[in-house]
Amino acid sequence: MGLIDCLFIADGRNLPIFEHIVSSPAPTFQYVKDRLNSMHKDGFEDSGSSISIFDHLEPVLDIDANWRVAWTKLDAVYVIVAGERFPEYTEVVSDDEDDEEEEDGDDAKEQKETVTISRTVNDLQYLQFLADFGAVVKAFLNGAVLNPAKIELNAHNLLLILQEMVDASFPYITDLNQLQELLPSNSILNKIISTTKQIQGTASNSINSLAQGSSLLHASSSASSLASNQFQKGILPVSCIYEKSGNETPWRKVNVKHTQNEMLVDLVEQISWIVPASKSPKPAYGASTYYSLGLSARKSKPVLATIDGTVYFNSSLSGVPTVQLVLNLNRHDLGVPSFHRCVDTGTWSRSPGVVQFIPPDDKFTLMKYKINLLETETPVNIWNYMGLVDVELVGGLGIERNEFEIKLQTKLLNTVKFIEDLKVEIHVPKDHTVRGLRITHGDLQSRNGVQGWVLDKMLPTGINCTFRGQLLRSGGDPSTFKPDYVTVSYSNKGSVPSLIKVDSMKIISGGSTNVKPYKGVKYMTQTNNIMLR
Amino acid sequence: MAELGKNISVLLENATKNLSSTVNEAIQNKNVKLPSGLNAFLSNGHAQNQELTPSQVVEGLNSSSDKEIQTSLKYLVRLMTTKQNSDPELLQYFPHVIKNITSNNLRTKRLVYVILLRYNHMQQDIALLSINAIQKSLTDKNCINRALAIRTLSGIRIPAILPILILSIKRTISDSSPLVRSATAVAITKCFLLDSSFNKHRDLASALKDDSGIPAQLYNFLAILLSDTDSRVLSSALNCFYTIFPGYIDLIHPRFSHLVSKLIELEDYSKVILIDLATDYARLYLPKPAEDSMAAELTLLDSKLRSLIYSPSANVVLSLVRFYINVLPFKLDEIPLAKMLAKFLGDNEVTVYVLNEIVYLLDRKLVSFSDSQLSYYVPLPNELFKISELKVRILVKLLNAQNFDQIFAELVFLLNTASTQLKLAVVRLLNQYHGTPEQKAKIGQLYLSRLDSETEELLVAEYVTGLRIMVQNDLFGNIDVLLKLTGKLVNESELSPVARASIIWLVGEFSNHQYHDDKSLALGNFLPDLMRILVRDFREQEYMVKVEILTALTKMVSKELYASKQQGEEYNYESMLWKLFNLVLQFTKYDSSVDLRDRSRMIGSILPNVVYLDEDLTATTAIEFQQYYGQKAHVLERCADKLHEVELSILLFQTSKPAPVSTDSSANNNNINKYNLVTPQELNPELLEYYSELRAQEFQLKDYSQHKSMSHAARPPPVVSSATTINIEPRQSARKYKLQTLDDFLKEKGKMNVFGGSEDESGQEDEEDEEGEADELANDDDDAHDSESEKSS
């Protein structure tokens, strides 16, 4: 009885490739599949294209009176958990109330009625577990793409992970850092990593001692190499997060020692914006805008303009350091960001922009935020924050007024040299195709039925590109329609659209103070959904 | 891979630091990519995937090399998890597997445990052989081993081990490592379920009265774990409480503040359990909060929850919202609800639930969005249909006078470019919207313009349904719409059958009304002509159009007949409608569709007509009415007879159709709505004082980090007295009850010695004996110190 009584992994053709029973009784995969199949038929007739039974189902659903099933897609496989449902309400049982009645007499007795408390399970508990499980498995398999062959190859690893992640039908230890400590991985890759770490440690030591004439770090490096050696022999580390009570940072390994002393921040932002068609392009009859390369200054107000930001933190720091990261928010309202549990949220709410935390070892997601540019109160030009590529779509051009033009402009910024993988997908009405008339850069390509204007892999900043084309009906005649909408995707390094910057990053307490850590910040822009109508 | 690259590059970096900066430049890109061949070798380099023969497996299992044992075990585990019906094959190796349970290698041990847990009940004798080894692991130096051992022991499904299991739990419950105590909570759950599976029909409440019984012992164990200060232990203890003792709120009363104070440090899953529990608890046992007066416990909870708005887990946030809407609705304004929920919107499954939650809140007017926040709900291309549909639902709910144009433009865009499935959803949801007449007119305009070009039948049907609802709700207000629709009927031959049929039905309905204004009078006068045009190519029409023409004509004719009857005049058997009606009856009488023939016959038997009353009439007879009446006057007489029954027809065809009410059935029954329901009962104010007393009880806080037990109470630190009792019943009436406990306890103690169990009897005592308590405390401390010193040595 509980949240998770069994876990299955199925491939894209609904065949089981892995099963783990947490506590019995548990339904068989065949039963779960049959039930899902029957629900599928009830629910949606038009399954047509997809082979998997899951594609049109709710992520969490009750398959019968007893069992609740949750599923998620993880790369090429489906992970399914099933658990016995709890009744929605449970009666409260209390011995003391009987005593009360005896003393207070009839009064209370008359008052007495069955009291119930609710026990409805939050469906997101399942999804959270599935997400955690996916993240842990990927981390243990070094970020490999999961497919049936991978699952079978690593069946024993999955089982060992599950042994810790779920017990008594409930998620048990799901924190990646803790799992890594409980389940030292001994794959050959880790051996190479730790060996290179050792070599590197020794080498850097000798270099350091040559250069600085000090052998301060020597002891620590041999200690860490000793520990990593023990991992591989299946011998347990001497100290463990859970050796003693009162560990206030259970996400950080005990006695972390590093010879590389560094902390790195990756700031990644994804932009989304949707701009309705420019109100009135009205070019002079017949005149082309082809030679006037600048984009029109007047732009319609975007329907949507959001930035999804993620801050990754990757550190190799010894001891238990408290790190303070100060972000220059550039007057943006970050809403209610999500923080890793190690972050002191009090500091943030007192002074937004300051993130204070004791980091877990290695890479982790420090925070996530969402900026809605339309919500900014200050009257700033939001186009400054919408990325380095400006796009315009104009229809109704040419003598026949049946041509359209897409204009791209990559803005200049001294930290960014190239725009990568810039691509414009042109979505057209049914039974229409695009014909390119004049293209200044790149070419027109067709993939999966969608035609797109693909530019150079590395496009320099500060240039203008134009695509002039027209739509053709299926017969080949030009049509007066213009594309329904175009979507733009690209990425670039060196800047983020919100122009948020890391102002400073320092260790304010703990850690080894005698060596200054190496600090690094990387900015990256990606696109989520850029659309012009 | 990245890490390997990093190591190498750092190595190089360091090596060249003082020599050359150009090399540094070259390797700055730390994502060194390895050739794919090397990659494959690194990740599956071992021969892990090989098939083993039975003799190889056995040989491996009996080998002395860890590596060989593990190769066999991995093979077996792979068999167990990835192959169907592998049980018989695995069982034959079971004894060989169990032999390795004493291995010092943790990995080997884990694999053996996994296999043991899966098959123990199938080969009980062999499984029991392993118990001793597991018990030994309970005293292992390493906490990971101890924790694993107690979890494994409790997972063995052989009832004979229950006494040993209870003893073991008694030992691990006061372990110095929080991991082991946390594992003990898991073991309690499993022990309870094992015990219950052999006592299926017992009543738990009465079983608990027997203090020596397993449930009562576990109850007391759980009480100890719920008093722990370590968040890891509390997390597991709460899960245990939730699974096996959910209604036993006595466990919570004294510890409520303690648990709440630890809320932030708990695991996310347990946070949800505690917040959900606290929601019900606050309604049942705390005074109803008002803006100026809140119970201290609620103030604490409120302050703790405030920092959870930053949680990256949507499950915690939904649980938090549930608490505020049910317990502190007046504080909802202080929570940035809109932004807190919006941050979870993306393209994953969680989004579906968050959107459902927003729909729930909007329905109850608990959340509002500014116009600039509407952009969160703009459906995106390539999004899951479920998400887009929910977004449209929210947009339609948010429609108001200010944002109508903005949202409407968005919906129009969707109707231009989205998938048919989403278009359908948009129209259906829009049809449920009750707006001002101007807004309705805009929507009507949109639908009318779509009718011509749309080829998708379902979609046309939805458009017409929308128009029908409009016309039906306010016929004379929307007479223009109807006029345009009839215009389409006449002028456009490409109109799809569904649309055509629906419009004809609407015209028929219209004819039932009394006309007031010029426009409707004009339309009314036009109707016979309209019908004539429609009947003109009756034979080419689809079945559904034919049915509607017949029905509409019937309505019109019966109206005419009824009117003439009421005025006492003779019906004009030469009227255009009468002729058309008879013609259509004649057509339909010989139609190829059985259903249509059936309808035709029914109408023919109710209303006067010549087609069914004159047996001589055949399919090919062309009726020239004037001439016909001259020849067959008797038919007219029979028609006149029939006219007496015209009321029946009026009853059948002129009943006013209720205006469609938009029903949104799907929204009321989803899991989010169910989840947001809490206990229906409320605090009984008379018992409040008593509950406060329960909460003020003391319990022994288990703080292992300082190696001492201390009492926890709201009052000034009391003398030992009841503070050290774990039993939470302070009442005098319980005294007698407790004496029994002591007896039972002593008996129990004797039993323990038979099993060679521990002397450590911490935490199970209920007796009032102060000395005994003190001893026990000392014991506790020693124990903690012991394991401590062991570790350090």
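In what follows, every heavy atom counts, from backbone to side chain, and hydrogens, waters and symmetry copies are set aside. Per chain, numbering begins at 1; letters A, B, ... match sequence-line order. If you're wondering where the values come from, they're calculated on a predicted model, not measured in any experiment.
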Side chain / backbone / both / neither for I309(B) at chain A, heavy atoms under 4.5 Å: both

With a 4.5 angstrom heavy-atom cut-off, is it the side chain or the backbone of F339(A) that approaches chain B, or both, or neither? both

A183(B) versus chain A, the contacting section by heavy-atom distance below 4.5 Å: both

Flag the pair S118(A) / Y675(B) as yes when at least one side-chain heavy-atom distance between them is below 4.5 Å, and no otherwise. no

Within the 6.0 Å centroid threshold, strictly below: Y353(B) and F344(B): no

Identify which part of L345(B) has an atom lying under 4.5 Å from any heavy atom of chain A, answering side chain, backbone, both or neither. both

Interchain contact, F245(B) with chain A, by part (heavy-atom threshold 4.5 Å): neither

Tell me every residue that passes salt bridge (charged side-chain N to carboxylate O under 4.0 Å, His left out) with D276(B), counting only those two or more places apart in sequence or in another chain. R322(B)

Side chains of T243(B) and T189(B): any donor to acceptor distance under 3.5 Å? no

What closest approach, in Å, do S169(A) and S23(A) show between heavy atoms, and which atom pair accounts for it? OG-OG, 2.9 Å

Using non-hydrogen atoms only, which part of T365(A) is less than 4.5 Å away from chain B: side chain, backbone, both, or neither? neither

I'd like to know if K339(B) pairs up with D333(A) as an ion pair, taking the criterion as any Lys NZ or Arg NE/NH1/NH2 lying under 4.0 Å from an Asp or Glu carboxylate oxygen. yes

Residue selection (most heavy-atom pairs with chain A, distance under 4.5 Å) from P246(B), G346(B), A314(B), A187(B): P246(B)

If one checks every heavy atom of N528(A) against chain B at 4.5 Å, the contacting part turns out to be neither

Residue R110(B) versus chain A: region with a heavy atom under 4.5 Å: both

Which one of L127(A), T90(A), D167(A), I274(A) has the most heavy-atom pairs closer than 4.5 Å to chain B? D167(A)

Output the option from A338(B), S313(B), C240(B), P336(B) having the highest count of non-hydrogen pairs under 4.5 Å with chain A. S313(B)

S236(B) portion near chain A, given a 4.5 angstrom heavy-atom threshold: side chain

Engaged part of Q373(B) at the chain A interface, taking heavy atoms whose separation is under 4.5 Å: both

So what's closer than 4.5 Å to chain A heavy atoms on D280(B): side chain, backbone, both or neither? side chain

Do you know which of H253(B), Q406(B), R157(B) has the most heavy-atom pairs under 4.5 Å to chain A? R157(B)

Please flag which part of L277(B) lies under 4.5 Å from any non-hydrogen atom of chain A: side chain, backbone, both or neither. side chain

Which region of N529(A), side chain (C-beta onward) or backbone (N, CA, C, O), has a non-hydrogen atom less than 4.5 Å from a non-hydrogen atom of chain B, or is it both or neither? side chain

Taken in chain and number order and not counting sequence neighbours, the residues that satisfy salt bridge (charged side-chain N to carboxylate O under 4.0 Å, His left out) with E383(B) are K391(B)

Please say whether the positively charged group of R232(B), taken as NZ for Lys or CZ for Arg, lies over the ring of Y172(A), i.e. under 6.0 angstrom from the six-membered ring centre and within 45 degrees of the axis. yes

When D703(B), D228(B), D230(B) are each screened for salt bridge (charged side-chain N to carboxylate O under 4.0 Å, His left out) with R181(B), the one that passes is D228(B)

With a 4.5 angstrom heavy-atom cut-off, is it the side chain or the backbone of S182(B) that approaches chain A, or both, or neither? both

Given heavy-atom pairs under 4.5 angstrom as the criterion, report whether the side chain, backbone, both or neither of P250(A) touches chain B. neither

Whatever's closer than 4.5 Å to a heavy atom in chain A on Y281(B) counts as neither

Please flag which part of R118(B) lies under 4.5 Å from any non-hydrogen atom of chain A: side chain, backbone, both or neither. side chain

Verify whether one side chain among Q30(A) and T28(A) offers a donor that lies under 3.5 Å from an acceptor in the other. no

Gap separating the CG atom of D123(A) from the CD atom of E349(B), nearest 0.5 angstrom: 12.0 Å

So what's closer than 4.5 Å to chain B heavy atoms on E164(A): side chain, backbone, both or neither? both

Hey, are E91(A) and T116(A) close enough side-chain-wise for a donor-acceptor pair under 3.5 Å? no

